[in-house]
Each structure stands twice: as C-alpha cells, then as structure tokens.
Asks: 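Right, I'll just put the structure down here and ask away after.
We count ligands from 1, going down the list as the structure has it; atoms in each ligand are counted the same way.
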Amino acid sequence: MNTSDNKPRRILFVCLGNICRSPAAEELFRTVVADHGDLDGWIIDSAGIGSWHTGQLPDKRMRIHAARRGYSLRHRARQVSADDFDRFDLIIGMDSGNISDLRELAPTAESMSKIVPMARYFTMATRYDHVPDPYYEGAEGFELVLDLLDNACRNLYSRLS
Ligand code: 4NP
C-alpha cells in the first residue's frame with residue numbers, strides 16, 4: 001500500500017549481513033528525509049540476506065566512520081523475509097548478490113518489481129556499479145561506502161519526492 005499520492009514511502013535497504021552497508025543507508029536516507037522536514041509517512045528500515053548478526057548493532061568500524069560524519073547507527077540487525085515484500089514499496093539491494101538473493105525470496109512477480117539496486121541512484125563519478133562489501137576492507141572501504149551511500153540517498157530522495 002502506498003500513500004494517497006501513490007509515491008513509494010516504505011523503503012527497505014538490504015545487504016548481506018545488515019551490519020555495515022544497509023544500516024548506514026537506512027540512517028543516511030532517514031537523515032536526508034528529516035533534513036527536508038518530511039519524516040511523516042515514511043517507513044525506513046534495513047535487513048540482511050543472512051541471519052548471522054541478528055540482534056546486533058552495526059559493525060563497530062561502520063559506527064565509527066558514520067559517527068565522524070554525524071550519524072548515529074542504532075539499528076539492530078535482522079534477516080529479510082518474504083513478508084517484507086508486503087510491508088515495503090521499494091527493496092533496495094547493495095550489490096548483485098543481494099539482488100539475486102532477493103529475487104529468489106520474492107513471493108510474487110509483482111513483488112519482484114520492488115527490488116532495485118542502490119547503484120541505480122549513483123550520480124557521482126565512480127568506477128563502482130554496486131556498493132562494495134567493506135567487511136574485509138580497511139578504513140577506505142568504509143569511507144567509500146559512506147560516499148556512495150550519501151550520493152545515492154540524496155538522489156533516491158529527490159526521485160521519490
Ligand atoms: P554488510 O557487510 O553486508 O554490508 O553488512 C557484511 C557483514 C558481515 C558479513 C559479510 C558482509 N559476514 O560475512 O558476516
């Protein structure tokens with residue numbers, strides 16, 4: 001169900017573990033929406049393909065890098081489920097693995113059309129066509145993720161509003 005103006009306002013960000021990329025995307029996007037004084041009517045959440053980190057706060061490295069930019073990440077990890085295709089209008093995957101796993105999970109053809117890659121919203125100059133997994137990377141990997149998410153979240157908001 002969309003809002004009366006039929007714009008998608010229930011947004012779910014999905015990555016593999018739900019402790020690095022998608023909880024950061026959730027908070028950056030929520031901040032863009034709040035900065036426009038527009039939080040009413042939005043449901044913004046994140047989830048992971050896997051359940052390994054269920055209940056955990058985001059990875060400490062992600063929290064530290066995000067905090068340096070003024071973001072406080074407090075999401076508790078959860079696994080994505082088939083029910084999420086009813087509860088959200090847009091389900092945004094961070095990389096091609098996430099997208100194919102979400103397609104496997106989608107219960108109907110209609111719900112399949114809710115799945116979009118985050119890279120669709122990149123406008124910055126980058127050699128990436130996805131948001132790369134920073135889990136086994138150093139500090140630059142986390143900074144790169146935040147740069148890509150910052151760019152994509154701003155564009156996502158302007159396309160939806
Ligand atoms: P995320 O990063 O998908 O951005 O949350 C990862 C976190 C954990 C693992 C992989 C990626 N892991 O294998 O536990």
Asks: Check for me whether His53 has a heavy atom closer than 4.0 Å to any atom of ligand 1.
Replies: yes
Asks: Taking atom CZ of Arg74 as the centre, does the number of heavy atoms from other residues, nucleotides or ligands within less than 6.0 Å exceed 12?
Replies: no
Asks: Measure from the side-chain N and O atoms of Asn98 to the backbone N and O of Met94, and report whether any donor-acceptor pair falls under 3.5 Å.
Replies: yes
Asks: Ligand 1 and Trp52, any nitrogen or oxygen pair closer than 3.5 angstrom?
Replies: no
Asks: For ligand 1 and Arg21, I'd like to know whether there is a polar contact (N/O to N/O, distance under 3.5 Å).
Replies: yes
Asks: Closer than 3.5 angstrom, by distance alone: can the side chain of Arg63 be matched with the main-chain N or O of Pro58 as a donor-acceptor pair?
Replies: yes
Asks: Just jot down the ligand 1 atoms closer than 4.0 angstrom to any heavy atom of Cys20, in number order.
Replies: 1 (P), 2 (O), 4 (O), 5 (O)
Asks: Looking only at protein heavy atoms, which one is nearest to atom 11 (C) of ligand 1, and what is the separation?
Replies: Asp133 OD2, 3.1 Å
Asks: For ligand 1 and Leu16, I'd like to know whether there is a polar contact (N/O to N/O, distance under 3.5 Å).
Replies: yes
Asks: Tell me whether Arg154 is salt-bridged to Asp150, with the criterion being a basic N under 4.0 Å from an acidic carboxylate O.
Replies: yes
Asks: Distance-only criterion, 3.5 Å: show the donor-acceptor pairs between side-chain atoms of residues 124-146 and protein atoms not counting sequence neighbours.
Replies:
residue	atom	partner	partner atom	Å
Thr126	OG1	Tyr128	N	3.0
Asp133	OD1	Tyr135	N	2.9
Glu143	OE1	Arg69	NH2	2.6
Glu143	OE2	His65	ND1	2.6

Asks: Checking Asn18 side chain against Val14 main chain: does a donor-acceptor pair fall under 3.5 Å?
Replies: no
Asks: May I ask you to identify, for Asn18, whether its side chain, its backbone, both or neither come under 4.0 Å of ligand 1 on a heavy-atom basis?
Replies: backbone
Asks: Give the atoms of ligand 1, by number and element, whose distance to some non-hydrogen atom of Ile19 is under 4.0 Å.
Replies: 5 (O), 7 (C), 8 (C)
Asks: Sort out for me which residue in Arg10, Arg9, Lys114, Lys7 forms a side-chain hydrogen bond (donor to acceptor under 3.5 Å, both in side chains) with Asp89.
Replies: Arg10
Asks: Note the single closest protein heavy atom to atom 13 (O) of ligand 1, along with its residue, its atom name and the distance in Å.
Replies: Tyr136 OH, 4.0 Å
Asks: Tell me, which protein residue and heavy-atom name are nearest atom 1 (P) of ligand 1, and how many Å apart are they?
Replies: Cys15 SG, 3.5 Å
